[in-house]
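So the structure is just underneath, and the comments pick up after that.
First the proteins, then the strands, lettered A, B, ... as listed; each starts at 1. Note that the structure is predicted; figures quoted are calculated from it, not measured.
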Amino acid sequence: GLKTLHLGSCVITTNLHGIRSGFSEIRDSVQAKDEIIDIRILRKTQSLQGTKPADRCCLLHHILRLYLDRVFKNYQPPDHHIFRKVSRLANSLLTIKKDLRLCHAHMSCPCGEEAAEKYSQILSHFEELPPQAAVVKALGELDILLQWLEEA
Amino acid sequence: HIAEDTSDLLQHVKFQSSNFENILTWDGRPESAPDAVYSVQYKTYGEGEWLEKEGCQRITRKSCNLTVETGNLTELYYARVTATDGTGRSATKTTDRFNSLQHTIIKPPDVTCIPKVRSIQMIVHPSYTPIRARNGHQLTLENIFQGLLYRLKLRINHTYQMDLEGKQREFEFVGLTPDTEFLGTIMICIPNLFKESAPYVCQVKTLPDRTWT
Amino acid sequence: DGAAVLPAPQNLSVRSVNMKHVLTWSPVIVPEEIIHYSVEYQGEYESLYMSHIWIPSSWCSPTQRPECDITEDITATVSYSLRVRATLGSLTSAWSTLKHRFNQNSTILTPPRMEITMDGFHLLIKLEDLGPHFEFFVSYWRKEPGAKEHVKVVRPGVLPVYLEMVEPGAAYCVKARTFVKAIGRHSAFSQPECVKVQGEALPL
């Protein structure tokens with residue numbers, strides 16, 4: 001059925017299965033465009049699992065905002081097929097972000113120091129790359145983010 | 001200076017993984033380079049250094065077992081092969097990004113089908129993988145995949161089927177007709193990762209009912 | 001400037017049943033001419049973050065029929081904008097946009113069609129296959145006061161599926177409903193279907 005994400009006191013359900021299915025259809029072709037294989041944006045040291053539960057919601061909220069504001073928006077799909085698949089991912093992650101905003105409204109998505117620190121590290125990994133390369137790499141690393149959600 | 005085309009030396013460099021046995025394979029056209037030798041390197045995605053795979057340096061075969069080197073389930077890896085022929089021509093090709101959790105194919109389970117008079121019992125044996133826990137124990141697919149379940153079908157003379165599904169390893173189809181042929185199929189399924197093994201198939205006949213003879 | 005203007009398609013609407021979504025509109029009529037239509041869509045993400053971007057529909061860019069199967073385009077549970085325009089040679093109409101955005105969670109879920117049969121003392125059910133979105137919950141019980149209702153998740157397939165061993169002389173009833181995970185909704189239950197088992201009831 002649906003996957004329940006436990007993010008501290010913020011608990012939401014999401015169709016993670018559908019999102020994974022959507023990404024698996026474009027994973028290899030997107031990752032093949034990422035030629036900088038010495039750098040990784042989403043690193044283990046910033047994973048949701050390695051973050052204390054209370055800060056997980058805020059960290060995820062920030063990561064999703066990065067994807068929605070700067071990755072999907074600036075990604076240049078090679079064809080309509082990929083474009084539709086990326087649209088599916090963007091809209092699916094948007095529904096998760098909307099649920100997290102509800103948690104925020106109900107004061108169950110606090111932003112502590114750890115979340116802020118880890119997100120700034122992720123952002124610096126993202127920004128140290130040329131813009132278009134960063135967008136392609138981040139999109140190719142969605143399987144890492146989805147694995148973090150799977151384990152949440 | 002025109003770059004020499006060496007693509008014939010090396011093609012289709014990729015991982016072939018099943019039950020977490022991760023084998024790097026490649027092709028090369030033997031006619032054009034009968035004396036070609038191959039060297040394998042691998043690295044973790046996000047790190048700078050390529051590491052040489054011991055035992056796969058200047059080999060002539062076209063495969064290399066990287067199970068141990070790519071055994072961390074949460075890591076992502078790359079491997080690359082360099083082919084060199086007798087004239088010194090060489091080519092290097094890199095795999096796609098590889099993560100065994102996502103890419104490994106699940107082999108059919110090993111099952112014992114035990115026919116009785118009015119039922120058929122099916123016992124699924126654990127599928128061991130090369131992955132070891134910190135304490136050295138060999139992990140099974142069940143240990144690795146939380147969502148793993150078994151899906152069983154029993155086909156009854158091509159007209160209907162009985163379905164059973166669950167995480168346990170012992171199943172029994174009951175209420176069957178004695179002395180009758182049945183076709184059973186058993187699959188391993190990991191729904192959240194869209195993984196499904198090929199079926200294990202057993203053709204089995206229930207025992208004759210001798211109670212009233 | 002008198003240039004011929006092609007009217008935009010009118011009366012756009014979406015008919016959605018069991019997660020199959022079809023956009024329809026009134027055809028643009030130009031005597032003895034074939035009109036083509038192009039359909040585009042925007043998810044909530046596109047309209048919020050890149051509102052100038054519209055995505056050509058998978059199957060209807062272009063099409064000659066005044067309808068479009070948008071099932072493969074509506075792939076997330078968010079609201080979608082849809083628009084259509086007509087073209088005739090070099091002439092192109094203005095875009096017509098669906099008045100109310102469409103969300104797949106509004107799809108009509110019908111009770112599943114089912115066929116109840118017997119094979120000896122085996123109660124069987126055959127369900128229509130509605131596609132990968134659907135799970136089927138089947139309830140069945142012995143038709144007598146206080147009988148316990150059993151529930152089983154059934155996977156539709158080519159062959160009927162076994163439900164239970166039944167007893168001679170007894171009657172059994174079955175009903176089913178669907179569940180769509182992507183939108184978290186059930187259909188209503190189908191009308192119960194009851195069958196009587198041949199033979200004498202077993203002595204108590």
Donor-acceptor pairs under 3.5 angstrom involving side-chain atoms of residues 105-113 of chain A: please list them, not counting sequence neighbours.
{"residue": "His106(A)", "atom": "ND1", "partner": "Leu102(A)", "partner atom": "O", "Å": "2.8"}
{"residue": "Ser108(A)", "atom": "OG", "partner": "Cys103(A)", "partner atom": "O", "Å": "3.1"}

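Listed here is the closest heavy atom pair of Tyr140(C) and Leu163(C): OH-O, 3.5 Å. Nearest heavy-atom pair, Gln132(A) versus Asn74(A), reported as atom, atom and distance to 0.1 Å: OE1-O, 3.4 Å.
Under 3.5 Å, the side chains of Arg83(C) and Thr97(C) contain no donor-acceptor pair of N or O atoms.
Contacts between Lys85(A) and chain C at a heavy-atom distance below 4.5 Å are absent for every atom of the residue. At a 4.5 Å heavy-atom cutoff, Ser47(C) makes no contact with chain A through either its backbone or its side chain. Looking at Leu68(A), both its backbone and its side chain come within 4.5 Å of chain C, counting heavy atoms on both sides.
The greatest number of non-hydrogen atom pairs below 4.5 Å with chain A, out of Ile74(C), Val78(C), Asp73(C), Leu48(C), is found for Val78(C). Here Ala90(A) is the residue among Ala90(A), Gly18(A), Ser92(A) with the most heavy-atom pairs under 4.5 Å with chain C. Listed options Arg84(A), Lys73(A), Arg88(A) were ranked by heavy-atom pairs under 4.5 angstrom with chain C; first place goes to Arg84(A). Among Gly43(C), Ser58(C), Gly184(C), Ala76(C), the residue making the largest number of heavy-atom pairs under 4.5 Å with chain A is Ser58(C).
Residues satisfying the salt bridge (charged side-chain N to carboxylate O under 4.0 Å, His left out) test with Arg40(A), not counting sequence neighbours, are Glu75(B).
Between Phe72(A) and Tyr67(A), the two ring planes are tilted [angle within 30° to 60°].
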